[in-house]
Amino acid sequence: MTAAATVKRPDTQSNVSPLAVSVANLDVHFGDKDNEITALSNVSVNIPEGAFVTMLGPSGCGKSTLLRCIADLVHISGGSISVLGRSPREAREGRDFAFVFQDATLLPWRSVIDNVRLPIEVGKHAAGSFADPAELLAMVGLKGRENALPHELSGGMRQRVAIARALVTRPRILLMDEPFGALDEITRDKLNEELLRLWQETGTTILFVTHSIPEAAFLGQHVLMLQAHPGRVKEFMKVDLPYPRSLAMRDTVEFIQVTAHLRALLEECL
Ligand SMILES: Nc1ncnc2c1ncn2[C@@H]1O[C@H](COP(=O)(O)OP(=O)(O)OP(=O)(O)O)[C@@H](O)[C@H]1O
Ligand SMILES: [Mg+2]
């Protein structure tokens, strides 16, 4: 990703909040009365605009559910969620956020650039409010591959296309659910560094779910640790490591202390 290509956000509305996401006493139940699962119980967290927050926790603790509630994809049973001072539904309609899943979910018959253009074609946005797809592809290191088809790309390249596609509507928030979970370690490391650069260039708020303790510590300003049965907040921990962060930082005593603390916390959640 190049430092030169920056995505300028549209002017903010009058209803500006310093918080990107505010979750208060959130409860989410699935199933019926006889067979009810409490996916989330009394979850409260505040995510400032521009923050990078990673989310860790054992399988089934509700990480994806929390992200999906913020994205207005899951009905909440109690409590409230505010996204940039609006309801999740209003935020979804206003395209305040974009979602990146573990699988890039590209349309196989469309070229790379046409996949990135897709949200422009299906959205109701005013002309001129989009980022330039070619510029975004350059930003994620895919200049020259605009006309390739998804099957001609590696898994890491497909995920870069998915990130470029997510950024085309200039979302103020990126919700990422294990976006690099299926990639090999070297590719993942590279994308981690690139994502940090992208975050610093665009000022986008990022909520990033992962199962990897080093990934959570390397990326996040804060780590939101959830525990299971029922899903609830274990800790919202500040990661006291300076930016810009390079992969070499992972060998420092300070980094190892952070990961050791997270590992101990995670063990308490099991
Ligand atoms: N649509 C649904 N219907 C019923 N139960 C669901 C639904 N979605 C999630 N659940 C349940 O809610 C709980 C939390 O699931 P969720 O997918 O949020 O966990 P997770 O922390 O993302 O797990 P993983 O790390 O394995 O991805 C689980 O018990 C799951 O079975
Ligand atoms: Mg999940």
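Here the structure is a predicted model, which is why all the values come from computation and not from measurement. Remember, it's 1-based here, ligands and their atoms both numbered in the order they're listed.
In this structure F208 satisfies the ring pair (Phe, Tyr, Trp, His ring centres under 6.0 Å) test together with F180, sequence neighbours excluded. For F255, there are no ring pair (Phe, Tyr, Trp, His ring centres under 6.0 Å) partners two or more places apart in sequence or in a different chain. Checked against ring pair (Phe, Tyr, Trp, His ring centres under 6.0 Å), H29 has no partners two or more places apart in sequence or in another chain.
Applying the 6.0 Å contact sphere to NE2 of H229 captures no more than 12 heavy atoms from other residues, nucleotides or ligands. By the neighbour-count criterion of 12 heavy atoms within 6.0 Å, atom CZ of R110 is densely surrounded, having more than that number from other residues, nucleotides or ligands. Enclosure of atom CD in E268 by more than 12 non-hydrogen atoms of other residues, nucleotides or ligands within 6.0 angstrom is indicated. Counting non-hydrogen atoms of other residues, nucleotides and ligands closer than 6.0 Å to CD1 of I186 gives a total of 12 or fewer.
In summary, E267 and R263 do not engage in a salt bridge, as defined by a charged side-chain N under 4.0 Å from a carboxylate O. For K190 and E194, the salt-bridge test passes: some basic side-chain N is under 4.0 Å from an acidic carboxylate O.
Within the 4.0 angstrom cut-off, atom 31 (O) of ligand 1 has no protein heavy-atom neighbours.
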Step-by-step side-chain contact (heavy atoms from CB on, under 4.5 Å) determination, E215 to L195: CA-CA 11 Å; E215 186 172 62; L195 184 64; over 6 Å; no

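Below 4.0 Å from some heavy atom of E178 lie the following atoms of ligand 1, by number and element: 27 (O). Near A39, meaning under 4.0 Å from any of its heavy atoms, are these atoms of ligand 1: 12 (O), 13 (C).
Close N/O approach between G60 and ligand 1 is found [any backbone or side-chain N/O within under 3.5 Å].
Contact annotation: for H211 versus ligand 1, heavy atoms closer than 4.0 Å belong to the side chain alone.
Looking from atom 26 (O) of ligand 1 to the surrounding protein, the closest heavy atom is S59 OG, 2.6 Å. Of all protein heavy atoms, the one lying nearest to atom 9 (C) of ligand 1 is F30 CE1, 3.4 Å. Remark: minimum distance from atom 15 (O) of ligand 1 to any protein heavy atom is reached at T65 OG1, 3.7 Å. Counting only heavy atoms of the protein, atom 17 (O) of ligand 1 lies nearest to S64 CB, 3.8 Å. Nearest protein heavy-atom contact of atom 29 (O) of ligand 1 is I37 CG2, 3.9 Å.
At least one heavy atom of C61 sits closer than 4.0 Å to an atom of ligand 1. Residue contacts with ligand 1: G62 is included, with a non-hydrogen atom under 4.0 Å away.
In summary, of the residues considered (V53, I173, I206, L224), a side chain to side chain contact (heavy atoms under 4.5 Å, CB included) with I47 occurs for V53 alone.
For Y243 (side chain) and Q221 (main-chain N/O), a donor-acceptor pair under 3.5 Å exists by modelled atom type.
Each protein N/O/S atom under 2.8 Å from the Mg ion (ligand 2) was counted, for a total of 1.
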